[in-house]
Protein chains: 2
Amino acid sequence: MSAALVPTFAALGDPTRWEILVTLGEEPASASALSERLPVSRQAIARHLAVLHEVGLVEPVRVGREVRYRALGSRLSQTADALAAVGAAWERRLATIREIAEGL
Amino acid sequence: MSAALVPTFAALGDPTRWEILVTLGEEPASASALSERLPVSRQAIARHLAVLHEVGLVEPVRVGREVRYRALGSRLSQTADALAAVGAAWERRLATIREIAEGL
DNA sequence: CTGAACTGCAACTTTCGTGTTGCACCACTG
DNA sequence: CAGTGGTGCAACACGAAAGTTGCAGTTCAG
């Protein structure tokens with residue numbers, strides 16, 4: 001469960017990939033279209049899209065001879081929920097430790 | 001705002017760093033103590049802790065001659081909220097596009 | 001005061017990721 | 001049926017990150 005989060009964070013941790021995601025969040029686009037907006041080659045973007053697809057943050061849709069990608073907000077929200085759960089667990093744990101410390 | 005998220009994701013994207021965080025989430029510990037639990041040298045862990053501290057996911061606490069680190073769940077929850085907001089925006093955007101498409 | 005434990009800094013190696021260029025293949029257009 | 005625009009794969013270069021070892025500096029214990 002939480003172990004599967006790491007590759008997702010690694011995918012989100014690259015600035016170029018984040019820009020791609022933000023752009024796709026506004027409107028679905030192909031790798032070629034993205035390469036005209038961003039200062040990177042099409043092949044580099046295609047590779048980024050493959051990484052994003054592996055962790056389920058993006059989905060390819062064939063439209064004629066081009067492949068458009070759209071950002072999956074649901075997957076992002078799901079990741080956010082998992083993160084929030086972990087954060088809450090840490091805070092709870094810390095609160096318990098404090099109670100024990102005060103009890104001494 | 002969201003741009004500052006990227007370094008945080010990069011920090012969370014490393015498996016070793018994630019293990020460190022999980023361990024600290026259970027109980028605060030020093031770099032030396034962590035190096036005995038994890039299969040990495042103390043210096044490597046110290047460097048990871050510095051990275052985690054830079055993005056505010058961890059906090060150092062001096063206890064005598066040792067420096068213990070504790071995981072900050074609040075920072076994690078904050079990141080989760082920002083993520084959820086972005087995900088919701090994408091879904092909303094996509095819903096709008098669909099409405100327009102249906103309207104044609 | 002001697003020693004042990006913990007931390008911090010530095011140099012070095014090695015692996016991995018990002019980005020590039022080049023070429024081949026496929027699908028739509030005229 | 002050419003030709004163009006889009007995609008995919010492969011090889012290569014470069015820089016950053018992760019890990020290691022070694023050494024110096026501190027602070028607590030005996």
Side-chain angles (χ1 to χ4, degrees), chain A residues 3-24 26-72 79, chain B residues 3-24 26-72 79:
Chain A
L5 288 176
V6 177
T8 303
F9 291 139
L12 292 171
D14 183 76
T16 301
R17 231 144 31 206
W18 184 258
E19 277 200 64
I20 290 174
L21 274 175
V22 170
T23 304
L24 292 181
E26 297 172 357
E27 185 184 14
S30 66
S32 297
L34 286 169
S35 68
E36 293 176 355
R37 288 196 180 183
L38 303 179
V40 254
S41 68
R42 175 187 63 84
Q43 288 81 347
I45 289 185
R47 192 163 183 79
H48 282 305
L49 288 171
V51 172
L52 291 171
H53 183 226
E54 275 188 14
V55 296
L57 282 169
V58 123
E59 190 184 44
V61 180
R62 288 209 62 115
V63 180
R65 65 180 158 184
E66 69 181 335
V67 180
R68 290 185 192 162
Y69 287 82
R70 72 185 190 93
L72 296 179
T79 304
Chain B
L5 288 176
V6 177
T8 302
F9 292 141
L12 291 171
D14 182 77
T16 301
R17 235 152 16 213
W18 185 258
E19 278 201 63
I20 291 174
L21 275 176
V22 170
T23 305
L24 292 182
E26 296 173 356
E27 184 185 14
S30 65
S32 297
L34 287 170
S35 68
E36 292 176 356
R37 288 194 181 184
L38 304 179
V40 256
S41 67
R42 174 187 63 85
Q43 288 82 348
I45 289 185
R47 190 158 185 81
H48 282 305
L49 288 171
V51 172
L52 292 171
H53 182 225
E54 275 189 13
V55 297
L57 282 170
V58 123
E59 191 184 43
V61 180
R62 288 209 64 116
V63 180
R65 64 179 157 182
E66 69 181 334
V67 180
R68 290 185 192 164
Y69 287 81
R70 72 185 191 91
L72 296 179
T79 303

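Chain A is the first sequence line, chain B the second, and so forth, proteins listed ahead of strands; every chain is numbered from 1.
- Heavy-atom distances to DNA chain C give each of B:E36 and A:V51 a nearest nucleotide, and the one nearer the 5′ end belongs to B:E36.
- One atom, CD of A:E19, and another, C1' of C:dT18, lie 14 Å apart when rounded to the nearest Å.
- Between the C1' atom of C:dG17 and the CG atom of A:D14 lies a distance of 9 Å, rounded to the nearest Å.
- Rounded to whole angstrom, the span from the CG atom of A:L38 across to the C1' atom of C:dT20 amounts to 16 Å.
- Note on B:S41: a base of the nucleic acid sits closer than 4.0 angstrom, heavy atoms only.
- Residue contacts shown for B:R47 are absent, as no nucleic acid heavy atom lies under 4.0 Å away.
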Exercise for review: For side chain to side chain contact (heavy atoms under 4.5 Å, CB included), just list the numbers for B:S30 and B:V67, CA-CA rounded to whole Å, side-chain angles, deciding distance to a tenth of an Å, and then say yes or no.
Suggested key: CA-CA 5 Å; B:S30 65; B:V67 180; 5.9 Å; no
Point to revise | Steps toward side chain to side chain contact (heavy atoms under 4.5 Å, CB included) verdict (B:L21, B:L52) | key: CA-CA 9 Å; B:L21 275 176; B:L52 292 171; 3.9 Å; yes
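- A close approach under 4.0 Å does occur between a side-chain nitrogen or oxygen of A:R17 and OP1 or OP2 of C:dT18.
- Separating the CZ atom in B:R42 from the OG atom in B:S32 is a distance of 5.5 Å, to the nearest 0.5 Å.
- Using a 4.0 Å cut-off between a side-chain N of Lys or Arg and a carboxylate O of Asp or Glu, B:R17 and B:E19 do not qualify as a salt bridge.
- Taking 4.0 Å as the cutoff to heavy atoms of chain B, we find the contact window on DNA chain D bounded by D:dA18 to D:dC28.
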Review point. Which is it for A:T16 and A:H48 under the side chain to side chain contact (heavy atoms under 4.5 Å, CB included) test, yes or no, and what are the steps along the way?
Key: CA-CA 8 Å; A:T16 301; A:H48 282 305; 3.8 Å; yes
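- Of the candidates C:dT29, C:dT20, C:dT18, C:dT29 carries the atom nearest the A:R65 side chain, counting heavy atoms from C-beta on.
- Residues B:S41 and B:S35 come closest through the heavy atom pair C-CB, 4.1 Å.
- Taking side-chain N and O atoms only, B:S30 has a distance below 4.0 Å to OP1 or OP2 of C:dT7.
- Atom pair A:L49:CG and C:dT18:P shows a separation of 13 Å (rounding to whole Å applied).
- Atoms CZ (B:R68) and C1' (C:dT7) sit 14 Å apart, rounded to a whole Å.
- Shown are B:L12, B:T8, B:D14, B:T79; of these, the side chain to side chain contact (heavy atoms under 4.5 Å, CB included) with A:F9 is made only by B:L12.
- In terms of position on DNA chain C, the residue among A:A10 and A:Q43 whose nearest nucleotide sits closer to the 5' end is A:A10.
- Between the CZ atom of A:R42 and the P atom of C:dC25 there is a distance of 15 Å, given to the nearest Å.
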